[in-house]
Chemist: 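Okay, here's the structure, questions in a sec.
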Amino acid sequence: MPLSKIAGIGYYVPANVFTNKDLEKYMDTNDEWIQERTGIKERRYADRLGETTTTMGVEAAKIAIERAGITPLDIDFIIFATICPDYYFPGCGVLLQRAMKMKEIGALDVRNQCSGFVYALSVADQFIRSGMYKNILVVGSEKHSFGLDFSTRGRNVSVIFGDGAGAVVLQPAAKEGQGILSTHLHSDGESAEILAMYNPGTHANHWLPEKLADFDDKEIGELFISHAMIDKAQLFPNMDGPAVFKKAVVKFPEVITEALMKNGLTPADLKMLIPHQANLRIAQFVQQKLKLNDDQVYNNIQKFGNTTAASIPIALCEAWEQGKIKEGDLVCLAAFGSGFTWASALIRW
Ligand code: UT7
């Protein structure tokens, strides 16, 4: 049974650069704090009205499809990973299918936050290996800038995130031993609420921390979205950053080691580790822990911030475009984020 390989890859980031200094206009923060704690210098923000998560995904997909030497009509399945969908439903997969005038193929949306792209890749890999599909488009795209709290209250979250999209086309590999060697998926829902956007949702406020649960207007229809939620800024993401950080620095090395061990390989065999771009300090910690040298780890969070499901395909594409990944190289993708969910994929390029 052939492995699946990445036959084409592309990324798209909006033209609008938003620096740390720009954020100072909206909230009590500063360039020094952001760079020291996260490594981020700037990020891109989508055109507020002209671009959506889907349109950015389409731009990345066009490049990936062209580089794979096929057309949108050859795609036989779409997997779209995002936490910033254009609509609550339907998902971005069908919107991309429409925008790219594809055939009436299957379209699946994946909601796995920072590990969304690796999860999506893993699902696509299984469909290729089983022989069910021949050309799968996997997209990770996020328009975070539309849903962040740009007041000082939301600064621990808002300064981190950026917008962008990445896409790959997966096909059966022609060469023996080439392609995705294995994928490894994990979750632990115990701490689901420490990095989460609670509203709008169907939880009806039962489990929320007290400060979020003090609704005075529990009229029918007002638990999903209410004026109180808006007044209390409860429609934004929440994060206990230090708690996420502590878990991330354990789970990243664990899931990378798992992938290497499964294939009888060691960190020294890696040409390139592409970690999800959550925080430069996390990536540096992982690098040290695995004793990788600087040119074995690719980081671009400095330019783009954390683009959640898009961060890995954007970084992978940049590294490949810069000639840092060549045929035969061993590449590891690894992600950790909200859920918690974490995942890795080991690829013989
Ligand atoms: O990809 C999704 C997964 N997410 C992650 O992996 C995030 C992991 N966590 C982190 O990256 C870090 O925890 C952060 C970058 C979010 C925060 O860095 P930290 O070193 O953990 O800072 P902290 O949250 O402990 O906050 C330290 C101080 C606090 O002030 P006090 O209480 O010490 O007076 C915060 O209020 O920094 C303050 N602070 C800020 N100050 C300036 C928080 N955000 C900001 C800000 N600008 N943007």
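Each ligand, and each atom within it, is numbered from 1 in the order the structure gives. In this text, all values refer to a predicted model and were calculated from it rather than measured experimentally. For the numbers below, each heavy atom of this structure counts, side chains included, while hydrogens, waters and symmetry mates do not.
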Chemist: Side chains of Lys103 and Leu73: does their closest heavy-atom pair fall under 4.5 Å?
Modeler: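 Touching, per the 4.5 Å side-chain cut-off.
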
Chemist: So do Phe80 and Leu137 actually touch side chain to side chain, heavy atoms under 4.5 Å?
Modeler: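 No, too far: nothing below the 4.5 Å cut-off.
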
Chemist: Looking at every heavy atom in both Thr29 and Val159, which two are closest together, and how far apart are they?
Modeler: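 Scanning both residues, the minimum pair turns out to be OG1-CG1, 4.1 Å.
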
Chemist: Under the criterion side-chain hydrogen bond (donor to acceptor under 3.5 Å, both in side chains), which of Asp163, Asn306, Thr308 is the partner of His144?
Modeler: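 Filter result, single survivor: Thr308.
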
Chemist: Does the plane of the ring in Tyr26 sit parallel, tilted or perpendicular to the ring in Phe18? Use 30° and 60° as the thresholds.
Modeler: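 Geometry flag for Phe18 against Tyr26: tilted rings.
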
Chemist: Can you confirm whether Glu193 sits close enough to Tyr198 that some side-chain heavy atom of one is under 4.5 Å from a side-chain heavy atom of the other?
Modeler: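 Yes - at least one pair of side-chain heavy atoms lies under 4.5 Å apart.
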
Chemist: Taking a 3.5 Å cut-off between nitrogen or oxygen atoms, can you list every pair linking ligand 1 to the protein, with distances?
Modeler:
from: ligand 1; atom 1: 1 (O); to: His276; atom 2: NE2; distance (Å): 3.0
from: ligand 1; atom 1: 1 (O); to: Asn306; atom 2: ND2; distance (Å): 2.6
from: ligand 1; atom 1: 9 (N); to: Gly241; atom 2: O; distance (Å): 3.0
from: ligand 1; atom 1: 11 (O); to: Asn279; atom 2: ND2; distance (Å): 2.6
from: ligand 1; atom 1: 13 (O); to: Gly241; atom 2: O; distance (Å): 3.3
from: ligand 1; atom 1: 13 (O); to: Pro242; atom 2: N; distance (Å): 3.4
from: ligand 1; atom 1: 20 (O); to: Arg37; atom 2: NH1; distance (Å): 2.8
from: ligand 1; atom 1: 22 (O); to: Arg37; atom 2: NH1; distance (Å): 3.3
from: ligand 1; atom 1: 36 (O); to: Arg155; atom 2: NH2; distance (Å): 3.1
from: ligand 1; atom 1: 37 (O); to: Trp33; atom 2: NE1; distance (Å): 3.1
from: ligand 1; atom 1: 41 (N); to: Trp33; atom 2: NE1; distance (Å): 3.4
from: ligand 1; atom 1: 47 (N); to: Thr29; atom 2: OG1; distance (Å): 2.7
from: ligand 1; atom 1: 48 (N); to: Thr29; atom 2: OG1; distance (Å): 3.1
from: ligand 1; atom 1: 48 (N); to: Arg155; atom 2: O; distance (Å): 3.3

